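Here the structure comes first, spelled out in structure tokens, and everything after it is commentary.
Here the structure is a predicted model, which means the values were calculated and not measured. Both backbone and side-chain heavy atoms feed into the values below; hydrogens, waters and symmetry mates do not. Sequence lines set the chain letters: A, B, ... in the order given, protein chains first and strands last, and positions in each chain run from 1.
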Amino acid sequence: MNLLQLQENLREAVIATARSEFNVELETVASEVPPKIELGDAAFPVAFELAKRIKQQSGEKSNPRQIAERLKSAIEKIEAVERVEVAGAGYLNVFFNRAAFLIESANAAPLPKLNASDDESSPKVCVEHTSVNPNKAAHIGHVRNAVLGDTFIRILRASGKRVEVQYYIDNTGVQVADVVIGFVYLENMSLADIKELNEKLIRENKTFDFYCWDLYARVGQAYQTDENLKAKRGEVLHLIEEGNNPTAELADYVVTRNVECIVATMERFGISYDLLPRESEILHLHFWTRAFEEMQRRDVIKLETSGKNAGCWVMPIDSHSGNDEHEADKILVRSNGTVTYTGKDTAYQMWKLGLLGLDFYYNLFHTYGDGKKIWITTADAIQQDAGVPKFGNNETVYNVIDSRQSYPQEVVKKGVATIFPEKGEAASVHLSYEMVALSPSAAQELGFEISEEDKQKSFIEMSGRKGLGVKADDLLNRLEANALAEVEKRHADLSDEEKRKTAHIIAVGALRYFLLKFTRNTVIIFDFKEALSFEGETGVFCQYSAVRANSIFRKLNEPDSAFKIQDLGLEKIAEIFNAEDGNDIWSMAILAARLEETIVQAANANEPAILAKYTFNLAKAFNLFYHNHKIIHEENEAKRQVLIAVADLTRRNLTAALDCLGIEVPERM
RNA sequence: GCUCCCGUAGCUCAGUUGGAUAGAGCGUUCGCCUCCUAAGCGAAAGGCCGCGCGUUCGAAUCGCGCCGGGAGCACCA
């Protein structure tokens, strides 16, 4: 019986006893982790609630402590429970059988099951993340999005779900038109010139997306003075949307190169995708037309015949009230007949949920080192590649998008739910998060001129248009260089290859943890010192703790690894836990065993930070444990074996927790 | 004007089903490498949990009202 099952049994026992003893029907029972190990392993403040309910039902006043006493005897019957105490005003504190629990945990399958089922009949969910416009390099804000999404995927998989990962490519938007304008009108380049430029950049060890980053910023500046250039925008945009012309071909090359760069950047962070759906196919395969028909059929969209929205198709949103300045209704089709972003997104969402009745065609885009494939959509049925997995048809769709897009996301969710009431709003989840902004000093550190007004602000928003931001690859390079210097200092004997690999693992660990330790709705004000830190509450701290644990096992003698903790016997183990420092050892074991419930909690709350915090606390507890107990050199043989078993449980679960956060553990560091 | 988010230690943040003495990291001060990796460990100092009222046996957490900060409410994406 694992910890989750045990806790469930305890809850059921409480509910059953409340029913039989007090005739009260409890729907849920709150359980908590006691603040101190001396107060037990699980606590139920349920007696207070029961006292209230009894008073409501019979008018009799009852004492919570007495209620708790009666619950106590029922819970004590559960096998894994050692004893139960009534404490304080009426807390029910449960103490587990430590020796039995340790044996059980030592033999348990590695938790969590990090490889989700590939059984095609099991329900699948979709996580869409990254959303970098394919016209420039990714910055740290995009990495927050992707790391959040990727970690959430790992959490879902750990809790047994099948997950499809998508990165939506907005290849027909104005951002793409802007950078195309840069190439064509600022640089006077043809497609052949751009291809040549790409070759040159590769030779110089530079990247195409970084080049576009600067070019895009230059276009933004040029627009401010050059009205003619700005006028070209609509024209170029139209050509790109239409397709089958030289401008569209040039745009496609630029987009594809940028996507390749962005996918490569994300791969450095341990992030991979299954499918890249493109907006051009949403248009060319008439996804919108189909969605529009459904909307008209179900009467969720109406044509405005008068007022300022005359000629537009709009969706009424009743949760928002309008006024003179702002309409409450959301426009999905403009008066000139073109579809807004929200309209296209609604059609795409319908496809993701298997509600559209249309499908894309697919081409192979890229194969990762481990053989995993990324697919990209195409409008051309004839050119479709063989061996395409089944995409779409997801039970639930998670969209990782920043909180500024809450309103359009709400429109998409409500729209889909109105057309398909049987699916409901719960099928569309907006995994929203706050942006990564720059502190004024960080912006200055990047070499930007800061206006007096901005200096007064607590943070400055990053802007691709202005070229203001910390590029993902730049930051990772800097972290790797810092980590490499530390590795050189500590482990000069390692080969250059091993040093570089270690530095990379450390750098990724530092950055992923930095982005995950904040809860989703906290604005991260980027600070170089904090992001580059390898000490304190960092991913590196967690990795270090795991490396230390592993080094114990590397140094253990052969007989130790063959030893099974159950050979020691329950009594001997219990003796160790009952000794003076027994609580200390036990608290390490029980904390490590809480990984599975933490993953469930993080999955239910859609909050990876819960797992990040737990992982840090586990690492911290292990560092203390490591400091207080000499494991290899312990003279009491029984205690030594218990310490080994607890350390082994901890390192296994610490490694699994880190894996779930997308953080690897190096051999040495 | 309307909607949403935030306000907790000097700084940056956890504290999400209401529970026991409100936590962590950084920074400051002071200790700990003859011993499984000091990217570590320990100790000290540091709090009207924005303010007020309410609900409750019990409120940082729930409700209402203020104050302060942010985002959104485009025929942009």
Side-chain angles (χ1 to χ4, degrees), chain A residues 28-32 34-36 39 43 45 48-49 51-52 64 87-91 93 131 133 170 172-175 279 308-309 311-312 314 317 319-328 330-336 338 340-342 344-345 402-408 410 432 434-435 437 457-459 461 483 486-487 489-491 506 510 517-519 521-525 527 529-530 533-538 540-541 543-545 547-549 551-556 601 604-607 609-610 612-613 616-617 620 623-624 626-634 647 668-669:
Chain A
T28 55
V29 177
S31 69
E32 54 187 88
K36 284 166 78 173
L39 294 170
F48 308 110
E49 172 71 13
K52 192 195 290 180
Y91 286 96
N93 291 340
S131 321
N133 279 318
D170 185 0
T172 59
V174 285
Q175 289 85 355
E279 186 165 85
K308 62 188 269 196
N309 290 345
C312 299
V314 304
I317 302 296
S319 64
H320 285 69
S321 57
N323 61 20
D324 293 347
E325 257 182 279
H326 301 290
E327 288 288 338
K330 184 75 192 171
I331 292 166
L332 298 189
V333 181
R334 304 180 186 106
S335 55
N336 66 5
T338 57
T340 62
Y341 172 80
T342 309
K344 284 179 271 194
D345 211 20
D402 79 76
S403 65
R404 285 169 292 190
Q405 306 215 33
S406 302
Y407 179 63
E410 192 191 335
S432 80
E434 282 286 352
M435 64 182 152
K457 289 185 179 169
S458 54
F459 62 82
E461 215 173 311
E486 291 295 322
V487 175
K489 249 194 297 190
R490 290 156 211 258
H491 301 285
I506 290 171
K517 72 175 177 178
F518 298 94
T519 51
N521 53 12
T522 298
V523 178
I524 298 179
I525 299 169
D527 178 80
K529 190 165 157 270
E530 210 189 326
S533 170
F534 291 157
E535 282 163 24
E537 194 196 339
T538 61
V540 181
F541 177 101
Q543 290 171 315
Y544 184 67
S545 180
V547 167
R548 280 174 134 187
S551 102
I552 293 172
F553 287 86
R554 206 169 36 231
K555 291 189 176 164
L556 275 177
Q601 208 190 335
N604 290 341
N606 299 341
E607 183 51 273
I610 292 172
K613 289 285 173 186
F616 171 66
N617 283 325
K620 195 157 68 110
N623 273 334
L624 180 57
Y626 180 93
H627 184 81
N628 286 343
H629 305 281
K630 294 290 163 252
I631 298 164
I632 295 179
H633 306 291
E634 172 59 47
R668 289 207 243 154
M669 65 185 282

Next item on the list: May I ask you to decide if A/Ser533's main-chain N or O and A/Thr538's side chain share a donor-acceptor pair within less than 3.5 Å?
Entry: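 No.
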Margin query: Regarding A/Lys620 and A/Glu537, does a basic nitrogen lie under 4.0 Å from an acidic carboxylate oxygen?
Written below: no
Check: Ion pair present between A/Arg404 and A/Asp402, side-chain N to carboxylate O less than 4.0 angstrom?
Finding: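 Yes.
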Notebook entry, point to check: Using Watson-Crick and G-U wobble pairs with both distances under 3.5 Å, what is the 5'-to-3' dot-bracket string of RNA chain B, with [ ] for crossing pairs and | for pairs outside the strand?
Noted result: (((((((..((((.....[...)))).(((((.......))))).....(((((..]....))))))))))))....
Next item on the list: For A/Val333, report the nucleic acid contact type (base, sugar-phosphate, nothing); a contact means any heavy atom under 4.0 Å.
Entry: nothing
Notebook entry, point to check: Just to confirm, is there a sub-4.0 Å distance from OP1 or OP2 of B/G72 to any side-chain nitrogen or oxygen of A/Ser406?
Noted result: no
Margin query: Walk along nucleotides 20-30 of chain B from 5' to 3' and tag each nucleotide B, S or - by protein heavy-atom contact under 4.0 Å, base first, then sugar-phosphate.
Written below: BB--SSS----
Next item on the list: Report yes if a donor N or O on one partner sits less than 3.5 Å from an acceptor N or O on the other, where the partners are the side chain of A/Ser403 and the base of B/C5; otherwise report no.
Entry: no
Next item on the list: Give the rounded distance in Å between these two atoms: NZ of A/Lys344 and P of B/C75.
Entry: 15 Å
Notebook entry, point to check: Rounded to the Å, how far apart are A/Asn628 CG and B/G42 P?
Noted result: 8 Å
Next item on the list: Apply side-chain contact (heavy atoms from CB on, under 4.5 Å) to A/Asn604 and list each qualifying residue two or more places apart in sequence or on a separate chain.
Entry: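 Residues passing side-chain contact (heavy atoms from CB on, under 4.5 Å) with A/Asn604: A/Val600.
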Item checked: With sequence neighbours excluded, residues passing side-chain contact (heavy atoms from CB on, under 4.5 Å) with A/Ala647 -> A/Phe553, A/Phe622, A/Phe625, A/Ile631
Next item on the list: Counting heavy atoms from C-beta on, name the nucleotide in B/U16, B/A77, B/G19 closest to the side chain of A/Pro45.
Entry: B/G19
Next item on the list: Taking side-chain hydrogen bond (donor to acceptor under 3.5 Å, both in side chains) as the test, write out the residues that go with A/Ser403, two or more places apart.
Entry: A/Glu434
Item checked: Partners passing ring pair (Phe, Tyr, Trp, His ring centres under 6.0 Å) against A/Tyr91 (at least two apart in sequence or in another chain) -> A/Phe48
Notebook entry, point to check: How far, in whole Å, is B/G27 from B/A9 if one measures between their C1' atoms?
Noted result: 12 Å
